[in-house]
K.L.:
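Take a look at the following structure, please.
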Amino acid sequence: MSQKLRVGILGATGMVGQRFISLLENHPWFEVVVVAASPRSAGKTYEEAVGGRWKMTTPMPEAVKKLVVMNVNEVEKVAAEVDFVFSAVDMSKEEIKAIEEAYAKTETPVVSNNSAHRWTPDVPMVVPEINPEHFEVIEYQKKRLGTTRGFIAVKPNCSIQSYAPVLTAWKEFEPYEVVATTYQAISGAGKTFKDWPEMVENIIPYIGGEEEKSEKEPLRLWGKIEDGVIKPAVEPKITCQCIRVPVLNGHTAAVFVKFRKKPTKEQLIEKLESFRGIPQELELPSAPKQFIRYMEEDNRPQVQLDVDYENGMGVSIGRIREDSIYDFKFVGLSHNTVRGAAGGAVLCAETLKAKGYIQAK
């Protein structure tokens with residue numbers, strides 16, 4: 001690709017915004033040309049605005065340090081500089097809905113990490129390996145917005161990444177009832193241990209809104225487009241508990257599954273290892289070569305050893321075994337701020353570009 005697409009990051013100073021910036025450094029298709037944040041950061045260089053709050057383990061990319069932060073609320077001004085934007089703004093749900101729609105109406109595609117539009121019926125919520133066909137609903141959304149190229153697309157919650165792909169790989173065995181408990185890293189709350197010392201050696205058995213998302217969002221991924229909107233699937237029924245644990249990055253899930261068509265353990269493993277999607281077929285820049293891997297060791301996957309599998313874009317599964325009440329159980333691990341947040345959104349944008357939805361203005 002000769003000319004890189006010009007990208008803006010809305011909410012660039014926050015933790016997910018920082019993750020976008022680190023992931024897009026030297027990206028072959030996209031170049032960050034605009035960083036936008038709240039009015040209090042506007043007018044400062046990115047380096048000044050972030051100050052000592054850079055939370056990534058890699059250094060701040062030189063290319064963004066001197067970019068002057070724009071006011072995210074000056075929609076027309078920001079939109080004039082970019083081909084599309086990633087959204088990671090920290091606002092109320094209603095404010096996020098309004099500002100993302102405002103950007104879309106300037107004919108600027110919005111690929112969002114936020115939850116605000118996940119249940120807007122004509123906004124696709126996509127894991128590119130699972131439901132890329134949902135991007136087709138964009139044509140109906142554009143009619144509603146009155147746009148020719150502007151739209152909003154979102155990625156789902158970080159908590160479902162370690163089990164929704166697995167259940168998708170097993171769909172021919174008809175999973176119909178699922179119990180999941182997720183053990184979620186503190187970076188999911190935008191925190192480090194320095195910001196949140198009370199999480200050291202602690203577990204909090206509640207994450208606001210997370211259980212509802214974990215139970216309902218997979219059903220939307222498996223839904224169908226009908227009459228210009230996405231109708232969620234009705235099965236499998238999922239019940240979930242979400243627990244905050246003293247881990248920086250990496251969400252682990254312990255999952256129990258009932259199937260209508262009883263598989264063998266060998267069949268389940270084979271389905272995981274052969275599972276591929278459009279990102280693998282098209283060899284998109286951020287796509288993991290092997291999306292889901294199975295680990296035979298009894299003590300894997302482990303956060304410290306396995307969270308960065310496939311640069312944080314792959315999912316690690318272990319301990320598939322028969323259960324005395326359910327048919328099978330397993331443990332999954334995914335990187336919550338890479339695959340589960342900014343990386344998942346970047347892969348969505350790459351898929352949208354490959355399918356012609358995002359182009360240079």
Side-chain angles (χ1 to χ4, degrees), residues 1-10 20 23-24 27-32 79 82-87 100-101 103-114 117-118 120-156 161 164-165 168-169 217 220-231 275-289 291 310 313-314 338-361:
M1 181 176 166
S2 53
Q3 196 72 39
K4 290 189 182 184
L5 292 175
R6 301 166 303 152
V7 177
I9 298 174
L10 314 180
F20 273 120
L23 289 175
L24 292 168
H27 192 283
W29 294 1
F30 306 146
E31 182 180 1
V32 177
V82 298
D83 295 312
F84 76 101
V85 295
F86 288 111
S87 175
E100 289 182 350
E101 213 158 273
Y103 274 93
K105 284 177 176 174
T106 67
E107 302 293 1
T108 305
V110 178
V111 181
S112 180
N113 183 70
N114 295 306
H117 274 294
R118 284 188 198 146
T120 302
D122 60 8
V123 170
M125 179 177 78
V126 172
V127 173
E129 287 90 349
I130 294 177
N131 62 327
E133 69 282 0
H134 281 194
F135 286 137
E136 291 165 21
V137 84
I138 286 170
E139 296 311 321
Y140 298 97
Q141 186 195 144
K142 285 178 181 172
K143 287 192 181 79
R144 174 174 64 85
L145 296 176
T147 58
T148 55
R149 70 186 297 285
F151 63 85
I152 302 160
V154 300
K155 49 142 289 296
Q161 310 287 336
T168 306
E217 287 188 14
R220 192 167 196 255
L221 292 181
W222 299 319
K224 296 272 188 287
I225 299 174
E226 292 176 26
D227 302 321
V229 299
I230 294 159
K231 296 280 175 67
F275 185 69
R276 291 165 59 79
I278 276 180
Q280 287 71 39
E281 288 159 22
L282 298 180
E283 297 182 355
L284 298 177
S286 300
K289 286 189 171 49
F291 180 29
E310 289 277 17
M313 289 296 286
V338 182
R339 169 56 80 161
V346 171
L347 191 60
C348 280
E350 290 170 0
T351 310
L352 286 160
K353 187 214 162 290
K355 285 178 160 287
Y357 289 98
I358 294 178
Q359 299 169 338
K361 278 185 180 170

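Numbers for residues simply follow the sequence, beginning at 1.
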K.L.:
With side chain to side chain contact (heavy atoms under 4.5 Å, CB included) as the test, would you mind laying out the steps for Leu221 and Val127 before giving the verdict?
P.N.:
CA-CA 8 Å; Leu221 292 181; Val127 173; 4.1 Å; yes
K.L.:
Before accepting this row, confirm whether a basic side-chain N of the pair Arg144/Glu101 lies closer than 4.0 Å to the acidic partner's carboxylate O.
P.N.:
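A salt bridge links Arg144 with Glu101.
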K.L.:
Give me the atom names and distance for the closest heavy-atom approach of Ile152 to Pro124.
P.N.:
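Minimum heavy-atom separation between Ile152 and Pro124: O-CD, 3.4 Å.
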K.L.:
Working to the nearest 0.5 Å, report the span between OH of Tyr357 and NZ of Lys142.
P.N.:
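Spacing of OH (Tyr357) from NZ (Lys142) equals 7.5 Å.
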K.L.:
Please determine whether side chain to side chain contact (heavy atoms under 4.5 Å, CB included) holds for the pair Trp222 and Ile130, giving the CA-CA distance in whole Å, both sets of side-chain angles, and the decisive distance to 0.1 Å.
P.N.:
CA-CA 8 Å; Trp222 299 319; Ile130 294 177; 4.2 Å; yes
K.L.:
Using the side-chain contact (heavy atoms from CB on, under 4.5 Å) definition, which of the options Leu284, Leu24, Val346 pairs with Trp29?
P.N.:
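Output: one option passes, namely Leu284.
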K.L.:
Looking at Leu347, Leu282, Leu352, which hits side-chain contact (heavy atoms from CB on, under 4.5 Å) with Pro128?
P.N.:
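Passing option: Leu347.
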K.L.:
What are the two closest heavy atoms between Gly8 and Val82, and how far apart are they?
P.N.:
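Looks like N-CG1, 3.6 Å.
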K.L.:
Please report the shortest heavy-atom distance between Gly150 and Leu145, naming the atom on each side.
P.N.:
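The pair with the smallest heavy-atom distance is O-CD1, 4.2 Å.
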K.L.:
After noting the C-alpha distance and the side-chain angles of Val7 and Phe20, does the key distance pass the side chain to side chain contact (heavy atoms under 4.5 Å, CB included) rule?
P.N.:
CA-CA 11 Å; Val7 177; Phe20 273 120; over 6 Å; no
K.L.:
Could you walk me through whether Met125 and Asn131 pass the side chain to side chain contact (heavy atoms under 4.5 Å, CB included) check?
P.N.:
CA-CA 8 Å; Met125 179 177 78; Asn131 62 327; 5.7 Å; no
K.L.:
Spell out, as yes or no, whether a donor-acceptor pair under 3.5 Å connects the side chain of Glu281 to the backbone of Arg276.
P.N.:
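Answer holds: no.
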K.L.:
Donor-acceptor pair, distance only, cut-off 3.5 Å: does the side chain of Glu107 make one with the backbone of Thr148?
P.N.:
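Yes; judged by distance alone, with no hydrogens or angles, the pair exists.
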K.L.:
Between Gln280 and Gly277, is there a donor-acceptor pair closer than 3.5 Å when you use the side chain of the first and the backbone of the second?
P.N.:
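Such a contact is found between Gln280 side chain and Gly277 backbone.
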K.L.:
Does any N or O in the side chain of His134 come within less than 3.5 Å of the main-chain N or O of Gly223, such that one atom is a donor and the other an acceptor?
P.N.:
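Indeed, once roles are kept as given, a pair shorter than 3.5 Å links the two residues.
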K.L.:
Do you know the tightest heavy-atom contact between Ile278 and Lys355?
P.N.:
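Taking Ile278 first and Lys355 second, the nearest heavy atoms are CD1-CE, 3.8 Å.
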K.L.:
Can a salt bridge be assigned to the pair Lys353 and Glu350 using a cut-off of 4.0 Å between side-chain N and carboxylate O?
P.N.:
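Glu350 and Lys353: not salt-bridged.
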K.L.:
Of all heavy-atom pairs between Glu100 and Ser87, which one has the smallest distance, and what is that distance?
P.N.:
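Closest heavy-atom pair between Glu100 and Ser87: OE2-OG, 2.7 Å.
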K.L.:
Return the set of residues passing ring pair (Phe, Tyr, Trp, His ring centres under 6.0 Å) with Phe291 (not counting sequence neighbours), or none when no residue passes.
P.N.:
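Scan of Phe291 (ring pair (Phe, Tyr, Trp, His ring centres under 6.0 Å), adjacent residues dropped) gives none.
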K.L.:
Could you tell me how the ring of Phe86 sits relative to the ring of Phe84: parallel (under 30°), tilted (30 to 60°) or perpendicular (over 60°)?
P.N.:
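Ring orientation, 0 to 90° scale: perpendicular.
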K.L.:
Using 0.5 Å steps for rounding, measure from the CZ atom of Phe30 to the OG atom of Ser286.
P.N.:
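The OG atom of Ser286 is 8.0 Å from CZ of Phe30, to the nearest 0.5 Å.
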K.L.:
Might you confirm whether atom CD of Glu226 has over 12 heavy atoms from other residues, nucleotides or ligands at distances under 6.0 Å?
P.N.:
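Check passes, neighbour count above 12.
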K.L.:
Quick one: pull up CZ in Arg149 and NZ in Lys361 and give me the separation to the nearest 0.5 Å.
P.N.:
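Rounded to the nearest 0.5 Å, the CZ-NZ separation comes to 6.0 Å.
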K.L.:
Would you find a donor on one side and an acceptor on the other, under 3.5 Å apart, between the side chain of Arg339 and the backbone of Gln161?
P.N.:
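Not at all, since once roles are kept as given, no pair shorter than 3.5 Å links the two residues.
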K.L.:
Quick one: closest heavy-atom pair of Lys155 and Ala345, and the distance?
P.N.:
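Smallest interatomic distance, heavy atoms only, reads CD-N, 3.7 Å.
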K.L.:
Does a side-chain N-to-carboxylate-O contact under 4.0 Å join Asp83 and Arg6?
P.N.:
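Yes, Asp83 and Arg6 are salt-bridged.
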K.L.:
So how far is it from Ile358 CD1 to Phe135 CZ, rounded to the nearest 0.5 Å?
P.N.:
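Between atom CD1 of Ile358 and atom CZ of Phe135 there are 8.0 Å.
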